[in-house]
Amino acid sequence: MKRIFKYLMMTVIAAGTMFYSCETMELEDLTDPNALSPDLADADLLLNTIQVNYLGAMQDMQFNGAALGRISHMGGRVYYENFGGGTVSGAWGALYSGILPDIDAIELQNGEENLLAFHLGISKAMAAHIMMGLVDSVGDIPFEQANNPSEYPNPATSDDEAVYAGALAMLDEASSYLSVAVAVTDDLYYGGDTGNWIKFVNTLKMRAMLTTGDYAGALAMTGVIDTADADMQFSYGTQELQPDTRHPWYASDYTTSGANIYQSSWLMDIMTGDMDEWMGTAMAYPGAGMEEDGAAQRAISSDDPRRRYYFYRQNMTTPGNSSMLFFNGDGPYNWPISFGGDSTSTENGETLSCSLIANPPHLDFTIDGDANGLKGRWCANFLGYWGRHHGNDEGTPPDNFTRTAVGVYPSGGSFDNMPDIVNYDNHGNLTASNEAIRGGVWQGNGGGGAGIWPIYLSSYVHFMKAEAAMWLGDTGTARAMMEIGMQHSFAKVLAMGSVDPEADSNYFATSTDVNDFIAMKLAEFDAAAGADTSLDSFGWPVAKTQLDVLAEQYFVAMYGGGYDAWNFIRRTGAPRHLSRGLMDNAESGPFPRTGLYPSGEISANPSILQRQDNNTTVFWDQGAVNPAN
Amino acid sequence: MKTKFSGILTLILAFVVQITFAQDKAVSGTISDDSGMPIAGVNIIVQGTSSGTQSDFDGNYSIMVDEGASLTFSYVGYTSVSQTVGGSDTINVTLSEDVAQLEAVVVTAQGISRQKKALGYAVSEVAGEEMEQRTEGDVARVLSGKASGVNITSQSGTSGSATNVVIRGYTSINGNNQALFVVDGVPFSTETNAQGGYLGGNLGSSRFLDLDPNNIESVNVLKGLAAATLYGTAGKNGVIVITTKSGSLQNKGPKKTEITVNQSYFVNEMASMPDYQNTYGGGFDQSFGWFFSNWGPAFAANGVDGYLNDPAGIIDAEGTVEHPYGSSSFLNAFNGGNNVLNQQYTGVRYDWRPYESVENFFKSGSVSNTSINIRGASDDGTISYNVNYGNLDEEGFTPGNGLKRNNLSIGGRAKLSNKFTVQGSMNYSNTQFVSPPVAASRGNGTLGWSTFGNVFFTPRNVDLMGLEYTIPENGGSIYYRNGNDIINPRWSVANSQGGQNVNRVNSTVSLSYEINDNLSLTYRYGLDWYNERNKDYSNKNGVNFNDAIFGYLRTWDNNVAIHNHFMSLNGSYDLTDDIGLTFNVGATSNRRTYDREGTSSTGQIVYGVIQHFNYENQTPLSYHGAKNELGVFGSADLDYKDYLFVTLQARNDWVSNLPTENNSMLYPSASVSFLPTSFDENFKSENLSYLKVRASLGSSAGFPGGYPTVNSVGQSTNVNGGLNGGIITNSVSNFQANPDLKPELLSELEFGIDARVWKNRIGINASYFERTSKDLIVFKPLPTSTGFTSTQDNIGKIEGDGIEVDLDLEMFEILPVNVDGLSWNARVNFTKSKSIVAEQADDQIVFAGNTATWVGGNAAIQGEPLGVIVGSRIERDDNGNFVVNASGSYGTETTMAIDANGNEVPIGTEGSRQITPIIGNPEPDYVMNFINTLKYKNFTLGWQLSHTAGGDIVAKTVATLLGRGGIVEDRKNTFVLPGVRQDGTPNTLQINNSTYYFSNVLFGPLELNVYDGSVVRLQELSLSYAFPQKFLDKTPFGALSLTATGFNLWYDAYNTPDAANFDPNVAGVGVGNARGWDFLNGPSSKRYGISIKASF
């Protein structure tokens, strides 16, 4: 036994010696060589992440707000499913696990001298914005117990009103940081302009006042984003790879396999103006062989001059409806009716299946229903705009080169050079006209994606003030603010026309067009004073009110950044002439007053229970109802 | 056995020379075994003398003896028989197998040899012959079904695709559940370094593919923890111990050099080709269109579904449409319409008829396999060597897929005079694998770029093989869709590829020193090193995916090295006359390093040149990791009077990626084996010749991977900064480090019996085990509002149990059939196991797959089987009825609530937990294999039937074939979905076939994609013929045999639609803990062919 022990010792010693020299014996190798250790984090680079996360959160919120406001297309039929567990998950993650921990990391490095005041000021402003947006979207959210995992591994929510108060306190903090801040160049929004950041902070404060009912405060707020040079926006580049710096809408729509986004038919219909006005206008259009240029085509006042900037038509006709066709002389003729046909002559079940389908009964009585023997606007637009109606959830037909794509504003695509009225004689038949005039999207076309992502533009701010004035009964100020809002919107949009080097300036809107249009809308606003606010037996508004007119222009201006459309609808119930969904209200379920909590949070956090409906109201929500919903 | 026999033969021959001359009577006869097979080489000794003889190859013998003398007939492995010579000249003898002696020696953990009867736990052995001449070059796939408790799942039938190997079920939620491979005593890296993630692409072989099955001498499967204790944490999932021919040399090599050559040729075909319908073509709602779906009008002109009644009216009376390249919007837009294809096809008509596109896209591949083995030894047997060369050349049934492998293996062993024995083996392999892009598909192109996805739902009217797939102007992809928005699969094959080229060396050298008769010392060093050169690329001008549109090239090397030192002292003592002790003590260290370096390029400049210089942008690919595991162990085996055996073992492991306080774990094991039939002869009877009762208690530890205890800050370059271009970002990691993380502990209790009953006709080996893994290291999702999204923590407990039964049946004795020279051995193995999540603090952890409920995942939910499939389901009302929405389709819901007992309760119930709906359980009810060997003279017929009962699978292949109308023949009926409307009234809404199949079966609730994966399979079928010796005498061959083999020739997943021909043996998402997924990327393979084996 002694011998055994001896050999045992020998083994252990031999093994020990043999292994000792090797690195195979090393223990406590704990640090990941593939990442930085926390003490090496760079404040400027953390700030970059915060700014990128903020943009992501804004895009997430825009997606919801614009879809509910019919500014962009909503693809599902049931609101509860559309605004389910994924409603604000992007913004939620951007704030809680993205921006707030990175702010903490910057605060740790911000010494006595407050050298990182700029970083902290703008970061806190952005964080407060997302926080208020989350409250608007889902109500109560974690605040007091958030971002403190050792004490609160499962944070409970705080009252939504308290979170708003907390966000406002954060904005105050941001202001005080910014007041002493030395700007840095790592600023993707304002290029280090502290003054503009302070305007942004004030605008967010004003937004909170408007949301929570302090209309006088909102109207009186100064130092806000009221000029275009203070516009809060993110600017894109044209690089395709590594990284892709193009506007995300451009990247989706300007591909070698065509466009991939559906535009909202409501917005396009609003902007194409009144069909009867188009048809009723006699035009001094020259005869066969004449140019189909822009100047001759600007014929009616209800035609919004921004539509060629917002939308790019790939095709001149929409199945089931048509474009206008000029034919030898004395005024627009409507294809195919003027040629003895009806919608069946142009329908195409392969690319637009609704062109084969009868009107949904609940849309029959609205302006979206059938008109003049052609497909109604719920399916097809009369000027060749090819989008989708609210709630359309069909599969994807081969329409990538025919549906309407995003335009030059705000996504840096192509300016729409297509004539609205085609000189039929120049082509001889419809197919030839289509072939000759069509212009498919293509990778690299137009502005190459050098667009902007608008967050707060001076136009929005004026519309917000207009709304505040309406609440206060001051229609005069509201009218004035709406006028400035529209002017700023036009200026912003028109300036982007030249981003597309192939834009045909003949089609650019002139100041006359703009002024005429604004005047027309102001006249509409004036005429709506004391309008009948009742609904007809179908629940449809009898007439537009002043608020409806204002709201419509606000929504049109918000294209590209419609975060606040949802708030606006819940606050005011306007615009009351939003299109109804393709589904009737029994199917779509109630219009969401809030969405659901992100499913990732819910599945990990037993302190928060998921909602079973979308009827919970945010503290500021007075329950205004829009008749379309 | 054969070599041992030669030794004995030599001895006997020596005796024969001395035969005395006094005998006066010639006695002859035949010696056979219980089944009537003659036994050659039986020793026949005249008792009390040294004279004797041996039986010849036909079992015949003759001997001269005195009458009244007694003859003893003995043969290794058989009970000896004595017969007195009487008046008769003929004495025929039947020898029975001696079960106690059959209990041969087996190799257990760390190369320790033990008598089988002494083992207190189950070990499955698979002989080398069962590995040879197989149609599959993948060791794991060859093992499929050969042993109970071992579950092998191929990713697909693609040559070189990955394989899952799981023994005794899943025990860890996030940890590795794959079995450890040990080759010639050294851990062998078997990981699968997939290119791409779970969904986006999962090309990549499992690295046991580098082994040549033809070079395998034997495989032992150590299933339980008690069996694998000495392997430490690496062995916690069971161990597959492989001894190569080069590593198997003992002091018994034949003196003569023996050369064995194996040559095989097999045909490799796709087994799971669906039976597409040929009545209807592409479109939707019975209306023609160039759609993905096949819901268009009939190919017949008339009738309610005829193309002339199509409301779209695009198909003309002659049954033609405009050529897809004539009506293509894409071609109209490309170069402003001024392009070759547009001009060539505008106005050209295209027949409205079915094409066999999918059938013709796949082709018949081949497998050629050559193996040459040379082995020999010095005259005294102290020096022996082995050389093995193998070549495998596989051509897949998918164009662009192939596998080439070369193996060279050499081994030698020398017993030196000074008590040292040196043994070494070295295996070199080069494995090259290529495949066109593979990714998950859910019936459309949204999950990733997959060649298969787009092929399988090709509408019948699209002539995939007849249409051009390349745009002449730029080499780009062109296909039938109007907007050219799906990539042509043939373009993918021609322009894109992923592959791995692996050079690998694994070698081991061991030195043992015999200190005295009782003690020996062994040191072993093993190096397993490989360089895996990955390359994947695409040319530019494809469509739909940025990788295809802009082109990319990624090349990177994964360098993996495992250095393994091992030292042990082995002792063997007889403590008393009745008690023996053997022991081992030792230490081992294992260092594994993983280094990745490479380059990723995007933006191809000139079409067609696949070199980094021809791409605009380059970024580095780099990753580094190293982990050390140290262990010391001790093992003591006590035996008492040959009927009671006790083994006590313990091991302590230390790991480098945890802080010192938590980096070690000590775990013991104990096992006992008791042989009643040896204890008391009275137990023994004709019907119970052998019985062993065993029990063991084992344990092991699981350690985390990566670097989970220290927080980090992530840094990214080239982040989209818009107009600012690419920017650099830092961000605090969303992973919360856990410095308190400790190892997980696994324990297992196993009982079993080994028995031979009914005159040895039936051998039984049965085990029952219960295993518990606790303090499981889990990636725990954290509430985002904490600032982190996940951490690794010790939470949860899994409890599992299972039954494994192996039967060995001599069928013709059971039946009974008695035909001379005919035998039928059948082996049945049966496995049934389950794992239940016993504790888990969170509502649910979706540990594999995706939390998006329309993709689905595998979840750990307390009270439920581990890995239940969760995802969206049909909406239920409070009474559990299906709810149909206003459009007549099923509503979808993504949450349900369960109470503490795991029963569903209404959402919001006090004390309930909200989870993603459970829609399936991938664990099969049981798995059974039936392996048969029928021998008649020189013919051997073998077949293996496998039956997997139950086990759910999300089968996107089936859902897609149905949902896109590929296999749906019946179009004229409408559907009223069973269920109620929102208001509770019975549903009466009619929907048409495309709404039913497309919007519900395919893209509705994920629940409707779940199928029962039960399958019956003819896994193998073979017929071989061994040329008789007398024929070979005139040739240089020592042995020559010819074998025809088929693999996976037939199967039936009887609970899935027949026409889908779906094969559930797929791991659509690759190797890992995900189970029960088919993402349309797993056509399976069938192979058949012949092989010839010759030895010289």
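Just so it is clear: chains get the letters A, B, ... in the order the sequence lines come, proteins before strands, and each one is counted from 1.
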Criterion side chain to side chain donor-acceptor pair (under 3.5 Å) on B:Asn584 and B:Asn570, from CA distance to verdict: CA-CA 4 Å; B:Asn584 300 77; B:Asn570 317 308; 2.4 Å; yes

Test log, rule side chain to side chain donor-acceptor pair (under 3.5 Å), inputs B:Thr892 and A:Glu81: CA-CA 8 Å; B:Thr892 299; A:Glu81 288 176 10; 5.1 Å; no

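Annotation: maximal heavy-atom pairing with chain A below 4.5 Å, among B:Asn617, B:Val710, B:Asp843, B:Val732, occurs at B:Asn617. Interface check for chain B: of the options A:Leu100, A:Leu609, A:Thr31, the most heavy-atom pairs under 4.5 Å are formed by A:Thr31. Interface summary for chain A: among B:Thr853, B:Ile727, B:Thr895, the most heavy-atom pairs under 4.5 angstrom belong to B:Ile727. The candidate with the highest count of non-hydrogen atom pairs below 4.5 Å against chain B, out of A:Leu356, A:Asp244, A:Asn148, is A:Asp244. Among A:Gln145, A:Gln239, A:Gln610, the residue making the largest number of heavy-atom pairs under 4.5 Å with chain B is A:Gln610. The greatest number of non-hydrogen atom pairs below 4.5 Å with chain B, out of A:Ala146, A:Ser235, A:Ser37, is found for A:Ser235. Of the residues considered (B:Ile486, B:Asn444, B:Asn482), B:Asn482 shows the highest number of contacts with chain A, using heavy-atom pairs under 4.5 Å. Ranking A:Asn48, A:Asn605, A:Leu36, A:Asn400 against chain B, the residue ahead of the rest is A:Leu36, based on heavy-atom pairs under 4.5 Å. Contact tally against chain B (heavy-atom pairs below 4.5 Å) for A:Gly258, A:Ala35, A:Pro38, A:Gly349: the top residue is A:Pro38. In terms of heavy-atom pairs under 4.5 angstrom with chain A, the leader among B:Gly603, B:Ala333, B:Gly571, B:Pro659 is B:Pro659. Counting heavy-atom pairs under 4.5 Å between each of B:Trp654, B:Tyr623, B:Trp290, B:Phe998 and chain A puts B:Tyr623 at the top. Counting heavy-atom pairs closer than 4.5 Å to chain A, the top-ranked of the candidates B:Thr791, B:Thr784, B:Thr894 is B:Thr784.
In this structure, a donor-acceptor pair under 3.5 Å is absent between the side chains of A:Gln314 and A:Thr402. Side-chain atoms of A:Ser355 and A:Asn348 form no donor-acceptor pair, as typed in the model, at a separation below 3.5 Å. Side-chain N/O atoms of A:Thr256 and A:Gln443 include no donor and acceptor closer than 3.5 Å. For the residue pair B:Asn544/B:Asp485, the side-chain donor-acceptor check at 3.5 Å is not satisfied.
Within the 4.5 angstrom heavy-atom criterion, only side-chain atoms of A:Trp442, from C-beta onward, approach chain B. Using a 4.5 Å cut-off between heavy atoms, A:Pro142 touches chain B through its side chain atoms alone. Interface residue B:Asn657: backbone and side-chain heavy atoms are both found under 4.5 Å from chain A. At a 4.5 Å heavy-atom cutoff, B:Asn885 makes no contact with chain A through either its backbone or its side chain. Looking at B:Thr709, the atoms closer than 4.5 Å to chain A (heavy atoms on both sides) all sit in the side chain, from C-beta outward. Neither the backbone nor the side chain of A:Pro598 comes within contact range of chain B; no heavy atom of the residue lies under 4.5 Å from a heavy atom of that chain. Looking at B:Leu658, the atoms closer than 4.5 Å to chain A (heavy atoms on both sides) all sit in the backbone: N, CA, C or O. For A:Ala105, the part sitting under 4.5 Å from any heavy atom of chain B is the side chain, from C-beta outward, and nothing else. Heavy atoms of B:Asp842 lying under 4.5 Å from chain A belong exclusively to its side chain. For a residue to count as touching a neighbouring chain, one of its non-hydrogen atoms must lie under 4.5 Å from one of that chain's; by this rule A:Asp42 touches chain B with backbone and side chain alike. Contact of A:Gln242 with chain B is made through backbone and side chain together, with heavy-atom distances under 4.5 Å. Looking at B:Phe291, only its side chain comes within 4.5 Å of chain A, counting heavy atoms on both sides. With a threshold of 4.5 angstrom between heavy atoms, B:Leu782 approaches chain A through N, CA, C or O but not through any side-chain atom. For B:Glu893, no part sits under 4.5 Å from any heavy atom of chain A, backbone or side chain. Contact of B:Ile314 with chain A is made through the side chain alone, with heavy-atom distances under 4.5 Å. Both the backbone and the side chain of B:Gln844 come within less than 4.5 Å of a heavy atom of chain A. When heavy atoms are compared at a cutoff of 4.5 Å, B:Thr619 approaches chain A by way of both its backbone and its side chain. B:Phe334 touches chain A through backbone and side chain together, each having a heavy atom under 4.5 Å away. With a threshold of 4.5 angstrom between heavy atoms, A:Leu46 approaches chain B through its backbone and through its side chain. With a threshold of 4.5 angstrom between heavy atoms, B:Val655 approaches chain A through N, CA, C or O but not through any side-chain atom.
Residues B:Ser785 and A:Glu601 come closest through the heavy atom pair OG-OE2, 2.6 Å. Heavy atoms only, all atoms of each residue included: A:Phe234 and B:Gly721 are closest at CZ-C, 3.5 Å. Of all non-hydrogen atoms in B:Phe788 and A:Ser97, the two that sit nearest each other are N-CB, 4.5 Å. Heavy atoms only, all atoms of each residue included: A:Pro248 and A:Trp453 are closest at CG-CZ3, 4.0 Å.
Note on ring orientation: taking the six-membered ring where Trp is involved, the planes of B:Tyr573 and B:Phe583 are parallel (angle under 30°, cut-offs 30° and 60°).
Each of A:Asp186, A:Leu188, A:Ile103 was checked for a side-chain contact (heavy atoms from CB on, under 4.5 Å) with A:Ile50, and the lone residue meeting it is A:Ile103.
Judged purely by atom type and a 3.5 angstrom limit, A:Tyr189 uses its side chain to pair as donor or acceptor with the backbone of A:Gln51. Judged by distance alone, with hydrogens and angles left aside, the side-chain atoms of A:Glu28 form a donor-acceptor pair with the main-chain N or O of B:Thr660 at under 3.5 Å. Between the side chain of B:Asn711 and the backbone N or O of B:Ala737 there is at least one donor-acceptor pair closer than 3.5 Å. Checking side-chain atoms of B:Ser287 against main-chain N and O of B:Gly283 turns up no donor-acceptor pair under 3.5 Å. No donor-acceptor distance shorter than 3.5 angstrom exists from the side chain of A:Asp29 to the backbone of B:Ser656, with no hydrogens or angles considered.
The ring of B:Tyr523 has its center no closer than 6.0 angstrom to the ring center of B:Phe566.
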